[in-house]
Amino acid sequence: MIKLSEIDLGTSILSIFILAGFIGTAFVFIRLTIIGINYIKINYSKEEGAGNEKKETKNESKGF
């Protein structure tokens with residue numbers, strides 16, 4: 001009976017780690033999706049603002 005309880009403990013720990021891996025993977029995919037959406041938003045806002053030119057300022061300092 002001791003071996004049976006050890007197997008149950010081992011499978012329980014393995015199941016917990018597998019579940020944690022799935023949760024971690026889902027978290028990574030959610031973060032990558034958010035980063036991708038933000039990247040697309042930034043690129044579209046740059047394309048829409050292409051007509052707006054930035055004013056160049058003269059820098060009178062010389063050197064580094």
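Reckoned from all heavy atoms, side chains included, excluding hydrogens, waters and symmetry mates.
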Validation: residues 13-28 side-chain donor-acceptor distances under 3.5 Å, sequence neighbours left out:
unit_1 : atom_1 : unit_2 : atom_2 : d
Ser15  : OG     : Thr11  : O      : 2.8
Thr25  : OG1    : Gly21  : O      : 2.8

Sorted by chain and residue number, the side-chain contact (heavy atoms from CB on, under 4.5 Å) partners of Ile37 (sequence neighbours excluded) come out as Thr33, Lys41
Going by side-chain heavy atoms closer than 4.5 Å, which hydrophobic residues are tied to Phe29, directly or by a chain of links?
none
Ile30: which other cluster members, linking ILVMFWY side chains closer than 4.5 Å, directly or transitively?
Ile34
